[in-house]
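In what follows, a structure is listed as structure tokens, so that the remarks can point back to it.
As the structure is a prediction and not an experimental result, all values here were calculated from the model.
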Amino acid sequence: MATLRQLEYLVTVADVSSFTRAAETLHVTQPALSHQIRTLEQEVGALLLERLPRGVRPTSAGRAMLAHARSVIEEAETAVLAARRAAGLVGGELRVATVYSITLGILPAALATWSERHPAVNLRLFEHRHTQELADAVADGQADLAVGPQPQGWRGPIEPLGTEEFVVAVSADDPLAAAGPGEVALSALADRRWVHFAPDHGLADVLDRACEPAGFQPRVAVRTEQTASAPILAAAGLGPALVPANLVPDSYNGVLLAPVPPVRRLLTAYTRSQFDAPSRAFTDVLKETAAQKLRPAP
């Protein structure tokens with residue numbers, strides 16, 4: 001298959017009508033240039049350039065190839081420019097993968113700040129239900145950067161963002177809410193029916209693991225696929241829900257209680273090989289904007 005270098009050589013010789021001048025322009029020796037052109041002609045199976053007493057002219061096959069060669073070279077130059085722009089935060093697209101709860105709680109402020117500071121770099125979000133699903137997707141190349149709970153066994157670079165606190169959401173008329181916001185021992189909720197999450201949802205694991213030391217498996221009143229639905233269903237009286245505090249709006253019409261013992265998880269930003277300029281810049285924005293909603297990382 002023809003290489004980009006061979007196409008560049010062909011176009012240059014055709015433009016200057018001379019192997020000698022083309023070699024000077026390309027900073028190569030004339031024998032090396034001639035060899036690449038012969039190799040290209042052998043690949044094509046036709047003579048592309050005709051040597052005349054007063055210069056070099058493309059043959060009919062050469063003229064047919066030149067138009068496409070110029071287009072390929074232009075596309076390659078455009079691709080290189082796009083990559084350089086993205087690396088310099090002046091263009092391109094940054095692909096970010098995360099889990100649903102983080103899209104609701106941590107990312108909105110970061111996305112708004114990013115849009116103001118780097119309007120030329122577009123963001124594309126990929127949302128997942130579970131930490132392992134997120135890590136697998138990033139490992140497979142779906143995204144440039146992952147934002148989520150710390151993955152087990154991750155071999156690439158990881159940047160801690162902070163620790164998020166979980167709260168127990170209940171309805172305003174729940175007996176636990178009589179004294180207003182406060183604390184609740186998880187063991188006191190052993191007999192309650194919970195607003196739970198779908199079995200393959202990452203927050204289902206969080207609830208199950210939190211209740212295990214208290215000596216019970218949470219009974220289910222309803223399971224939801226949607227992270228944002230859990231506190232709403234809890235406020236409607238279906239049962240308590242364990243959710244990240246950062247995703248509950250200030251206008252919430254239920255009551256939030258701090259579980260005892262506390263339920264927390266470390267949030268991180270991570271990538272496959274290294275943080276490039278856009279990934280590093282977005283991680284810095286995350287740290288800045290999430291500081292109001294997360295505890296400092298240990």
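Here Glu159 pairs with Lys287 in a salt bridge; the nearest charged N to carboxylate O distance falls below 4.0 Å. Using a 4.0 Å cut-off between charged side-chain N and carboxylate O, Glu288 and Arg117 make a salt bridge.
No side-chain donor-acceptor contact under 3.5 Å links Arg57 to the backbone of Glu50. With Gln150 contributing its side chain and Thr268 its backbone, the two residues share no donor-acceptor pair below 3.5 Å. Checking side-chain atoms of Arg272 against main-chain N and O of Val138 turns up a donor-acceptor pair under 3.5 Å. The backbone N or O of Leu145 lies less than 3.5 Å from no partner atom in the side chain of Thr271, so there is not a single donor-acceptor pair.
A single hydrophobic cluster is seen to contain both Leu7 and Ile37, as judged by linkage of ILVMFWY side chains at heavy-atom distances under 4.5 Å, directly or through other members. No continuous path of ILVMFWY side-chain contacts below 4.5 Å connects Val222 to Val243, so the two sit in separate hydrophobic clusters.
Side chains of Leu111 and Thr289 form no contact here, defined as non-hydrogen atoms less than 4.5 Å apart. Two residues are said to be in side-chain contact when any heavy atoms from C-beta on lie closer than 4.5 Å; Glu93 and Leu123 fail this criterion. A 4.5 Å side-chain heavy-atom check between Ser279 and Asp144 finds at least one atom pair inside the cut-off. Ser18 has its side chain out of reach of Val56: every pair of non-hydrogen atoms, C-beta onward, lies at least 4.5 Å apart. A heavy-atom distance below 4.5 Å is not found between the side chains of Trp114 and Leu286. Taking 4.5 Å as the limit, some side-chain heavy atom of Leu242 sits within range of a side-chain heavy atom of Val206. Side-chain contact between Leu207 and Trp194: present, with at least one pair of heavy atoms (C-beta onward) separated by less than 4.5 Å. With a 4.5 Å cut-off on side-chain heavy atoms, Thr227 and Leu203 count as touching.
The side chain to side chain contact (heavy atoms under 4.5 Å, CB included) with Ile106 is formed by just one residue from the set Leu294, Thr98, Val147; it is Leu294. Tested against Glu183 for a side chain to side chain contact (heavy atoms under 4.5 Å, CB included), the candidates Leu257, Val168, Val260, Leu176 yield a single pass: Val260.
For the atom pair Thr131 OG1 and Arg265 CZ, the distance stands at 6.0 Å (nearest 0.5 Å). Remark: Asp200 CG to Glu133 CD distance equals 7.5 Å, nearest 0.5 Å. Distance NE2/His130 to CG/Asp136: 10.5 Å, rounded to 0.5 Å. Going from atom CD1 of Ile232 over to atom OH of Tyr252 covers 8.0 Å, rounded to the nearest 0.5 Å.
In this structure, His201 and Tyr100 have tilted ring planes: the angle between them lies in the 30° to 60° band.
In plain terms, the two heavy atoms of Pro240 and Ala234 that are nearest each other are C-CB, 4.5 Å. Here the shortest heavy-atom pairing between Ile102 and Pro149 reads CD1-CD, 4.2 Å. Listed here is the closest heavy atom pair of Thr283 and Phe275: OG1-CE2, 3.6 Å. In terms of heavy atoms, Val285 sits closest to Ala110 at CG1-O, 3.6 Å. Between Arg63 and Pro58, the shortest heavy-atom contact is NH1-O, 3.2 Å. The two residues Tyr270 and Ile158 have their closest heavy-atom pair at CB-CG1, 3.8 Å.
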Q: Dump the intermediate steps for salt bridge (Lys or Arg N to Asp or Glu O under 4.0 Å) on Arg295 and Glu165, then the final yes or no.
A: CA-CA 8 Å; Arg295 296 168 58 93; Glu165 298 270 3; 3.2 Å; yes

Q) side-chain hydrogen bond (donor to acceptor under 3.5 Å, both in side chains) between His196 and Asp208: does it pass, once the steps are laid out? A) CA-CA 9 Å; His196 214 319; Asp208 290 343; 2.9 Å; yes

Output side-chain donor-acceptor pairs under 3.5 Å for residues 8-16, partner residues at least two apart or in another chain, one line each.
unit_1: Thr12; atom_1: OG1; unit_2: Glu8; atom_2: O; d: 2.8
unit_1: Asp15; atom_1: OD1; unit_2: Arg70; atom_2: NH1; d: 3.3
unit_1: Asp15; atom_1: OD1; unit_2: Arg70; atom_2: NH2; d: 2.8
unit_1: Asp15; atom_1: OD2; unit_2: Arg70; atom_2: NH1; d: 3.3

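The 12-atom threshold is not exceeded at CD of Gln226, counting heavy atoms of other residues, nucleotides or ligands nearer than 6.0 Å. Within a 6.0 Å sphere centred on CG of Asp140, other residues, nucleotides and ligands contribute more than 12 heavy atoms. Other residues, nucleotides and ligands contribute at most 12 non-hydrogen atoms within 6.0 Å of the CZ atom of Arg124.
If you check the side chains of Gln30 and His35, you find no donor sitting under 3.5 Å from an acceptor.
Annotation: cation-pi geometry not satisfied between Arg264 and Phe166 (NZ/CZ under 6.0 angstrom from ring centroid, within 45° of ring axis).
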